[in-house]
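Indexing begins at 1, ligand by ligand and atom by atom, following the structure's order. From a predicted model like this one, the values you see are computed outputs, not experimental measurements. When reading the values below, keep in mind they use all heavy atoms of this one structure, side chains included, and skip hydrogens, waters and symmetry mates.
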Amino acid sequence: MPAGNERRGTVASGGLFGGPVVRLDADAEIRRLAGSPEQENAALAEAVAVALGDIAALMDRADGDAADILGFQLALLEDDELVAPANAAIAAGMAADLAWKNAMDAEIAGYEVADDEYFRARAADLRDVRDRVARHLAGGTQAPMHSGAVLLGDDIAPTRFLETDWSKGGAVLLARGSTTAHVAMLARGRGVPMLVGLGEIPAEADEAIVDAEKGLAIFDPPAATKSTYAARTAELVKQREAEAEVLFTPAKLGDGTPVEVLINVASLDELDAINPASCDGIGLMRSEFLFSDGKPLPGEEHQYKTYRRLLEWAGDRPVTIRTLDVGGDKPIAGLTPGEEKNPFLGLRGVRLTLARPEVFRTQLRALARAAVHGNLKIMIPMVTVPDEITRTSTLLDECVRELEAESMDCSKPPLGIMVEVPAVATCPELFAAANFFSIGSNDLTQYVTAASRDEPAVAALNDPANPAVLQLIETTARFARDAGIDLSLCGDMASEPAHLRALIEAGLRCLSVAPARVGRVKLALREV
Ligand code: PEP
Ligand code: MG
């Protein structure tokens, strides 16, 4: 457990940094007294104009994803429709700042519940625009943009991130935040260490060390901790330089044997910061990111567009999209059973989608339509018996026939399975109907060791290097090689250099890893 001055968080962008703490602003306070409607409208118009000027200035030095975000914010603010509800409230006697905040909050609420993931993610940009205009209405200027500091707060607006000078290093610690927010993507793109979901943050702290390798924030560290981290940071800088050198080279072992290194992704946003030339494709797309708890299930068109964008990003490279794997640690209200005694052994993955054919069909239709846009493979999670492959394949055939009857472009992509249930890894020969195998070492380990993947008290037992797990990986690899079935491993152990030798010895030559680990894995493979 972390000590009193330590907090655990989720790594949104890796790295290490230590420095002075700078607190991020709270929302601008409401303090205007309402003047006449003309005065209030004029004040709002001026604040909007100044905000537009700020964003345009930022845009002059932005590129890529940053330019996209700023372009969206400019377009928002230039649209008179955005200000119209605030003007209406001002006409009814409200002060400009309160009218603006109320109008924007209503707009933001609409974005937050949008069916489309893209619009939901844009809610952060609206909050950013809201706060910028509110600051100008309050007569404030932007807070000074410290460089070489740890920015600490509840959440951080994308423009606040972009206005910060990161040239002297820095890091971000957020009580809330999310790894899929735009600002997390910006942080990954710029290599700024960032932890989100810290929960409660200390009221007082002058300094902090951000260990975004381990997901740890240490506030006001003692001198000994500081010097340990200074040494680790220096090592990390060297390591990063070495990784950058191999990132765009083909992965190979010490003796020159080629290895494929693909990436695991969970959202489209992640791809904006990744150059496809750095990897051999997408080895696992966890499609459940499209399905959010408490939101309507995504429809066929929405799913089709998302899968198509993934394929377009990858070009000729393969993209393996896994069908919905909810249940277990990933409940979705209205979809997964509310009360299960043992959810990891319950209705999850393909068990659930086969029990909800209308949900499965929507996804399979979207996938069959997307298949014409690239090198798509469909992967079934949590397979336990061969019949699950047969039933999924039959459903997919039906969907393809339906689409053809509707004169829709479509095709049937290869259909493979996750090998993550011991019943499959023990007898892989029973599953030869699959077009490919991908070993899910996260679930395989928890089922073989009977140690939950999300229970810290048994974390030491949940060890993918357990000989029983390695033996099952070897059994699967031997059968796949003899039967000529493509094999990869997409569990987290492939991202850990310490496990690579065992995986290569077990016969693996294709690994799918966390995007941030591609360089590290390529580098480590050369030592095997
Ligand atoms: C796995 O189980 O190893 C895997 C890759 O799938 P997930 O972590 O999404 O269950
Ligand atoms: Mg799994």
Side-chain angles (χ1 to χ4, degrees), residues 10-11 179-180 260-267 270 279 281-293 318-332 335-336 342-353 363 377-384 388 392 416-425 428 431 434 436-455 459 462-466 468-470 472-473 476-477 486-496 499-500 502-503 506 508 510-518 521:
T10 305
V11 176
T179 56
T180 55
E260 284 173 88
V261 176
L262 297 91
I263 55 169
N264 295 347
V265 295
S267 87
E270 274 180 89
C279 66
I282 296 177
L284 167 64
M285 195 288 247
R286 292 180 162 99
S287 68
E288 48 275 13
F289 88 88
L290 285 167
F291 295 70
S292 318
D293 207 8
V319 174
T320 300
I321 300 183
R322 183 173 70 185
T323 61
L324 186 58
D325 184 19
V326 291
D329 57 336
K330 297 176 263 193
I332 299 281
L335 188 58
T336 48
N342 205 337
F344 270 125
L345 303 184
L347 201 60
R348 62 170 293 211
V350 71
R351 305 168 183 187
L352 179 96
T353 44
Q363 182 167 41
K377 301 174 180 192
I378 301 180
M379 179 151 76
I380 321 173
M382 279 297 290
V383 168
T384 310
E388 288 160 335
T392 304
I417 61 169
M418 294 281 299
V419 177
E420 54 185 345
V421 175
V424 183
F431 299 83
F436 62 91
F437 289 164
S438 187
I439 299 176
S441 53
N442 304 339
D443 278 310
L444 187 61
T445 303
Q446 80 162 342
Y447 294 131
V448 170
T449 60
S452 176
R453 57 193 279 183
D454 58 4
E455 176 49 64
N462 185 290
D463 177 10
N466 182 304
V469 178
L470 291 177
L472 288 181
I473 292 176
T476 306
D486 283 348
L487 173 74
S488 65
L489 187 142
C490 60
D492 291 343
M493 81 184 285
S495 300
E496 278 307 324
H499 295 311
L500 293 177
L503 292 179
L508 264 300
C510 179
L511 304 170
S512 192
V513 307
R517 293 298 183 110
V518 172
V521 168

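- Note on the Mg ion (ligand 2): protein N, O or S atoms under 2.8 Å away count 2, no waters included.
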**Request:** Take T449 and N462 through the test side-chain hydrogen bond (donor to acceptor under 3.5 Å, both in side chains) and record every step on the way to the result.
**Result:** CA-CA 6 Å; T449 60; N462 185 290; 4.5 Å; no
**Request:** Please assess T353 against Q363 for the test side-chain hydrogen bond (donor to acceptor under 3.5 Å, both in side chains), listing each intermediate value before the final yes or no.
**Result:** CA-CA 10 Å; T353 44; Q363 182 167 41; over 6 Å; no
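- Side chains of V383 and T392 form no contact here, defined as non-hydrogen atoms less than 4.5 Å apart.
- A 4.5 Å side-chain heavy-atom check between F436 and T320 finds at least one atom pair inside the cut-off.
- A459 pairs by the side chain to side chain contact (heavy atoms under 4.5 Å, CB included) definition with nothing, not counting sequence neighbours.
- For D492 and R453, the salt-bridge test fails: no basic side-chain N is under 4.0 Å from an acidic carboxylate O.
- No side-chain heavy atom of I473 sits less than 4.5 Å from a side-chain heavy atom of T476.
- Residues of the protein with a heavy atom under 4.0 Å from ligand 1 are L284, R286, R322, D325, K330, R348, M418, E420, G440, S441, N442, D443, R453, C490, G491, listed by chain and number.
- E288 pairs by the side chain to side chain contact (heavy atoms under 4.5 Å, CB included) definition with R286, R322, L324, D325, V326, K330, not counting sequence neighbours.
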**Item:** side chain to side chain contact (heavy atoms under 4.5 Å, CB included) assessment of T323 paired with V350
**Value:** CA-CA 8 Å; T323 61; V350 71; 5.6 Å; no
